[in-house]
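Heads up: the structure comes next, in structure tokens.
Chain letters run A, B, ... following the sequence lines, proteins first and then strands; every chain starts at 1.
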2 protein chains.
Amino acid sequence: MRSDTLFVSSLEKGFRVLRVFRQAQRELGLRDLSLTEIAKLAELDKSAAQRFTNTLVTLGYLNKNPRTRRYSPAIGLADFYYTYVLSNRIAEIAMPRMIEASKRFDTTVNLCELSGSDIVYTIRIPHEKARYEATVPGRRVPAFCAAGGVVILANQPAEEREAVLNGSEFRAYTDHTITDPEAVQTRLETARRNGFDIGESQIIVHEISTAAPVFNSEGRAVAALQIPVYMPLWDLESTREKIVPLAIETARAISYSL
Amino acid sequence: MRSDTLFVSSLEKGFRVLRVFRQAQRELGLRDLSLTEIAKLAELDKSAAQRFTNTLVTLGYLNKNPRTRRYSPAIGLADFYYTYVLSNRIAEIAMPRMIEASKRFDTTVNLCELSGSDIVYTIRIPHEKARYEATVPGRRVPAFCAAGGVVILANQPAEEREAVLNGSEFRAYTDHTITDPEAVQTRLETARRNGFDIGESQIIVHEISTAAPVFNSEGRAVAALQIPVYMPLWDLESTREKIVPLAIETARAISYSL
DNA sequence: ATACAGAGTATTGAATAATAATACTCATCT
DNA sequence: AGATGAGTATTATTATTCAATACTCTGTAT
């Protein structure tokens with residue numbers, strides 16, 4: 001049994017400070033925070049907040065505006081994403097194929113991977129104007145209702161799928177989100193049988209999201225190739241006819257090269 | 001004078017561990033590392049390396065392969081990029097304009113910002129197949145010879161520009177890289193006068209890199225809009241005729257909305 | 001104009017988290 | 001079979017971190 005002496009709590013506190021900026025964006029719509037706000041959100045006392053923010057500024061991961069004294073995430077954080085994607089072989093293999101796929105119908109093309117009960121969009125080829133947060137990599141959305149999450153979960157061992165679903169909160173993001181547990185299961189079964197999933201307005205209203213699973217050499221779904229299109233330019237029929245084959249074909253091309 | 005008691009050295013050691021993965025990619029071509037390699041590269045003793053890697057795995061920022069016992073960057077690191085770009089107002093304003101610009105001639109379009117003596121590509125709209133590391137955000141390149149860096153430096157106060165140049169190593173990346181200090185200065189002056197820069201094969205052979213500065217409301221260059229095109233499909237003349245106006249126009253549109 | 005409250009900064013003695021030396025296990029190589 | 005090095009686990013020591021507190025500054029209320 002691993003001992004707590006192997007856990008460095010000061011490091012965890014430092015990351016806790018970084019994470020409050022994401023929380024502030026999501027819950028408060030704030031791009032920057034005062035020291036007192038950071039202390040509260042990170043559940044640290046004032047001098048701990050002072051020490052950790054000072055350290056993060058010195059290391060280049062936070063900026064401090066000298067006039068307002070408010071803190072914001074710094075460009076040094078982009079280094080970590082770069083480090084991550086450069087070690088991500090799935091992303092490297094997918095990238096040229098996604099760029100090519102994006103041109104077929106002038107659509108955005110994304111790669112996503114499971115993380116806990118979420119999926120993370122790790123690579124994006126933006127092609128259409130959409131909400132800013134849906135154009136940049138790194139966004140997390142719940143796996144149970146996102147097309148990319150559905151196809152990954154559908155193609156996993158049953159007990160792993162159940163563990164993820166049990167850790168999920170089946171919350172509605174739009175009026176169309178499928179949250180009934182039986183309907184969620186049916187959707188997963190259909191996705192497994194079809195080899196793709198189409199979600200309509202599950203997270204973003206008017207978005208038709210098509211995804212196909214990417215398999216590794218052991219036959220395990222490790223990622224999903226996802227192509228969002230938008231009503232009214234696209235409808236379910238045109239998506240089935242054009243986007244579904246493209247998603248499946250691109251996902252397969254990636255899988256074959258893994 | 002700020003005291004060292006405000007610096008949390010355990011936090012710095014944790015980040016030092018994360019940064020060795022980037023170093024391993026760059027210097028050793030390795031995607032994953034053993035505990036002993038991490039200890040060496042991070043200049044930590046074995047049990048410190050054990051404690052920090054264990055903590056980073058627990059927090060979701062490193063993966064440990066149970067079979068090989070090697071560590072690699074984890075998807076949790078993408079959260080930090082997302083946090084950073086969501087707080088980056090320049091990127092948010094730039095994104096739809098970059099997507100649109102990308103379609104004009106079917107080219108990649110990038111946004112970059114100065115960081116130390118480097119520029120970091122913070123947003124990329126990939127459009128052509130290129131080296132993988134040139135298609136994902138987060139890549140750092142030296143500002144003195146990259147077109148994006150040249151136009152940012154050219155439009156900054158003289159003492160800030162000199163500070164960056166003095167902190168730069170004028171190293172050649174290709175046979176074409178301009179490294180002579182006088183030639184670097186001439187290039188900066190030309191870029192300032194022209195309102196754009198074109199670099200040919202400065203960092204990547206056969207790449208023609210065009211950049212125009214993005215100004216904030218105080219008239220300060222805060223970013224650059226950069227469009228790479230590749231020989232032999234493009235040459236200097238067609239780049240001047242088509243890409244330069246597009247870069248300037250897109251950078252201006254971004255500047256006007258800041 | 002003045003007083004007050006809260007945010008932010010700076011200091012420091014004490015506590016405990018982190019250090020790092022070391023023992024042990026296991027796999028690989030000779 | 002024995003040696004070596006990587007990795008894991010343990011623990012006494014120490015110095016890093018904690019957190020209480022003093023001080024400064026700014027904005028707001030009276």
Closest to side chain of R69(A), choosing from dG8(C), dT8(D), dA10(C)
dG8(C)
Under 4.0 Å, counting only non-hydrogen atoms across every strand here, what does S10(B) touch: a base, just sugar-phosphate, or nothing?
sugar-phosphate
What does K13(A) touch in the nucleic acid at a heavy-atom separation under 4.0 angstrom: a base, only the sugar-phosphate, or nothing?
sugar-phosphate
Nearest to the side chain of S47(B) - dG7(D), dA20(C), dA19(D)?
dA20(C)
Just compare dA7(C), dT8(D), dT16(D) and give me whichever is closest to any side-chain atom of T36(A).
dA7(C)
With DNA chain C as reference, determine whether Q50(B) or R70(A) sits nearer its 5' end, using the nearest nucleotide of each.
R70(A)
Does R252(B) qualify as a cation-pi partner of Y256(B), given the criterion of NZ or CZ under 6.0 Å from the six-membered ring centre and within 45 degrees of its axis?
no
Is it true that F15(B) and F15(A) have ring centroids separated by less than 6.0 Å?
yes
OP1 or OP2 of dT8(D) less than 4.0 angstrom from a side-chain nitrogen or oxygen of K64(B), does that happen here?
yes
Check the distance between dG8(C)'s P and R67(A)'s CZ and give it to me in whole angstrom.
14 Å
Assert yes or no for the condition that the ring centre distance of Y71(A) to Y61(A) is strictly below 6.0 Å.
no
Can you tell me how the ring of Y173(B) sits relative to the ring of F144(B), calling it parallel under 30°, perpendicular over 60° and tilted otherwise?
tilted
Among dT12(C), dT8(D), dA19(D), the one nearest any side-chain atom of T5(B) is dT12(C)
Out of dT21(D), dG7(D), dA17(C), whichever nucleotide has its closest atom nearest the side chain of L35(B)
dG7(D)
Just the rounded figure in Å: distance from P of dA20(D) to CG of L44(A).
13 Å
